[in-house]
Amino acid sequence: MEHDITDPLALEIDAIFNLACPASLKSYQLDPIGTTRTCVLGAMNVLDIATRRNCRVFQASTSEVYGDPAQHPQVEGYFGNVNPIGPRACYDEGKRLAETLFFDYHRMRGVDIRVARIFNTYGPRMKTNDGRVVPNFVAQALAEDLLTVYGGGAQTRSFCYVDDLVDCILAMMAAGPEAIGPINLGAPFEMTVLALAEMIQRLTGAGSGIVNIQLPEDDPFQRRPDISRAQAVLGWTPRVEPEEGIMRVINHFSATESARFTKVPA
Ligand code: UDP
């Protein structure tokens, strides 16, 4: 059923995965107030259902709770460096407050929670138009357009392939109270945005160049998860290396969107 998570709902269910929220800068900035409502009221509504049903509830939190991190790589004990009034705050602070609600419902009402801090994730079937770096670069390269590198491209991200992430979310939900979290879920494959652009150019054979455009405000300069907790608690290690995962995205985009692209890689 389709339902707005900001409205309360009575459901007879056995488990909840709360993944509701726009997750790209471009999409959550279309409606920042709605984004905060989704994070905060949405968390309260799923937690109220979990309380009534006495069921386990998973919260998709985010590496954005660390903001522009002064500590690298990021461990779960780091409290972060978030600008509370900047353009990213609706998402960052919304997700932080959702974590607060999850832990307060857990402490006060005994709700069985699982909180994951999800780092940059990518894979086939991402939207080509919501501004994330991997689909942007792949779509641009396949169309022989310039790859839009924001700033100088020295900022880093660590990219996790979607199947690895899904395995870990399911493992967390199947595990016992040791997996309450928060647990960083992400791959430690850190690279600069410029290196990612160059890799995608090489893998697609794109002859188009790179254009540097303005870096968005508060864009985190570096990001890499410390995944020791996920490894210790869940025995999880991401398996898909960036080249292999990005190639799957390229193949998927060129198969499904070939009409849009003049050039299809071999
Ligand atoms: N980025 C870029 N070009 C693009 C889209 C994004 O250089 O066309 C950069 C962006 O500034 C950021 C990184 O790539 O430093 C990851 O951006 P994304 O929006 O995918 O994820 P997030 O910033 O939320 O980690």
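In each ligand, atom 1 is the first atom listed, and ligand 1 is the first ligand listed. Start at 1 with the first residue, then count along the sequence. Small disclaimer: the values here were computed from a predicted structure and weren't measured.
Pairs passing the salt bridge (charged side-chain N to carboxylate O under 4.0 Å, His left out) check and including a residue from residues 34-51, sequence neighbours excluded, read D48-R109.
Here the side chain of E76 pairs a donor or acceptor atom with the backbone of N184 at under 3.5 angstrom.
Listed by chain and number, the hydrophobic cluster partners of Y91 are L25, Y28, where partners are ILVMFWY side chains within reach of under 4.5 Å, directly or through others.
Taking F119 as the reference, nothing meets the ring pair (Phe, Tyr, Trp, His ring centres under 6.0 Å) condition, with sequence neighbours excluded.
Protein residues with a heavy atom under 4.0 Å from ligand 1 are E64, R88, N120, G131, R132, V133, N136, F137, T148, V149, Y150, Q155, R157, V193, P216, D219, R223.
Ionic pairing of E198 and R202 is not present here: no N-O contact between side-chain nitrogen and carboxylate oxygen is shorter than 4.0 angstrom.
Below 30°, between 30° and 60°, or above 60°: for Y78 and Y66 the angle between ring planes is below 30°, a parallel geometry.
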